[in-house]
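In what follows, a single structure is set out as structure tokens and then discussed.
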Amino acid sequence: QVQLVESGGGLVQAGGSLRLSCAASGRTVSTYATGWFRQAAGKEREFVGAVKRNGETAYTDSAKGRFTISRDNTKRNAVYLQMNILQPEDTAIYYCAAAFALRNPSNKNEYTYWGQGTQVTVSS
């Protein structure tokens, strides 16, 4: 059992930055893959990026070069999503999710546990 809690969302101007946190309990974050997804109003939930169990990261094209995922295996036991050069189209609720046998990081159906989400709003 894994519990995930996102935080760090908020309102930011275009071009700004935010760092989202995904605090985990139940298991150490290095023992599973963590994905970040987002869902804008009226749209499907979409993949942003993921860190695999071995530490490798994967990103969607729109996130490459702007977003960075990192992982803290210490007692913080958290995964972070650093988002830079934010644009209004990045506005969404951001979710983190845990997967134990991940083959396709972008497939949300492979993730077992989800957080409640944190709202990110980017103003123009």
Side-chain angles (χ1 to χ4, degrees):
Q1 189 85 0
V2 174
Q3 294 80 42
L4 304 173
V5 179
E6 302 94 336
S7 61
L11 173 65
V12 64
Q13 288 188 330
S17 298
L18 282 175
R19 188 176 84 150
L20 305 184
S21 298
C22 174
S25 59
R27 287 182 61 164
T28 303
V29 291
S30 59
T31 63
Y32 54 85
T34 301
W36 284 96
F37 291 78
R38 67 186 183 187
Q39 188 166 15
K43 295 189 176 181
E44 295 286 321
R45 191 169 300 189
E46 65 176 9
F47 174 71
V48 176
V51 54
K52 300 176 185 179
R53 193 162 52 182
N54 64 4
E56 290 180 6
T57 54
Y59 300 94
T60 192
D61 285 345
S62 63
K64 287 178 185 174
R66 298 190 302 132
F67 295 1
T68 304
I69 295 173
S70 60
R71 188 168 66 187
D72 187 341
N73 302 332
T74 67
K75 72 176 177 183
R76 289 192 186 88
N77 204 39
V79 175
Y80 304 100
L81 177 64
Q82 176 67 43
M83 305 187 294
N84 299 325
I85 320 175
L86 284 162
Q87 299 301 314
E89 52 266 34
D90 295 316
T91 295
I93 299 174
Y94 283 71
Y95 300 88
C96 63
F100 297 101
L102 189 65
R103 291 179 295 177
N104 179 0
S106 64
N107 183 359
K108 58 182 178 290
N109 295 321
E110 295 191 21
Y111 294 83
T112 306
Y113 298 101
W114 291 80
Q116 84 290 348
T118 185
Q119 175 71 48
V120 171
T121 304
V122 184
S123 63
S124 57

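Count residues from 1 along the sequence.
Once rounded to the nearest 0.5 Å, the distance linking CD of E110 with CG of N104 reads 5.5 Å. Between L81 atom CG and S70 atom OG the span is 8.5 Å, to the nearest 0.5 Å. Rounding to the nearest 0.5 Å places CD of Q87 at 11.0 Å from OG of S62. Expressed to the nearest 0.5 Å, how far CD of E46 lies from OG of S106 amounts to 11.0 Å. One finds the CD atom of Q82 at 8.5 Å from the CG atom of L18 (value rounded to the nearest 0.5 Å). How far CD of Q13 is from CG of L86: 11.5 Å, rounded to the nearest 0.5 Å.
When all heavy atoms of V48 and A63 are compared, the closest pair comes out as O-CB, 3.7 Å. The shortest heavy-atom contact between S124 and A14 is CA-CB, 4.3 Å. Heavy-atom minimum distance, N84 versus S17: OD1-OG, 2.9 Å. Of all the heavy atoms in E56 and N54, the pair that sits closest is N-OD1, 2.9 Å. The shortest heavy-atom contact between R45 and K108 is O-NZ, 3.9 Å. Between A92 and A40, the shortest heavy-atom contact is CB-N, 3.7 Å.
Residues Y95 and Y59 do not share a hydrophobic cluster, clusters being chains of Ile/Leu/Val/Met/Phe/Trp/Tyr side chains in contact below 4.5 Å. Follow the hydrophobic side-chain contacts under 4.5 Å out from W36 and you reach Y32 in the same cluster. No single ILVMFWY cluster, assembled from side-chain heavy atoms under 4.5 Å apart, contains both I85 and V120. Transitive grouping of hydrophobic side chains (ILVMFWY, heavy atoms separated by less than 4.5 Å) keeps Y80 and V2 in distinct clusters. Neither I69 nor Y111 shares a network with the other; the hydrophobic side chains, linked directly or stepwise wherever heavy atoms of I, L, V, M, F, W or Y lie under 4.5 Å apart, form separate groups for each.
For the pair T118 and S7, the minimum side-chain heavy-atom distance is 4.5 Å or more. Annotation: side chain of Q116 is in contact with side chain of E6 (closest heavy-atom distance under 4.5 Å).
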Checklist entry - Where do Y113 and R27 land on the side chain to side chain contact (heavy atoms under 4.5 Å, CB included) test, with the steps shown first? => result CA-CA 12 Å; Y113 298 101; R27 287 182 61 164; over 6 Å; no
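The closest donor-acceptor contact from the side chain of R71 to the backbone of R53 lies under 3.5 Å. Of the possible polar contacts, none joining the N77 side chain to the A23 backbone as a donor-acceptor pair under 3.5 Å is found.
Ring centers of W114 and F37: under 6.0 Å apart, within the cut-off.
Of the options I93, D90, T91, a side-chain contact (heavy atoms from CB on, under 4.5 Å) to R38 is made by D90 and by none of the others.
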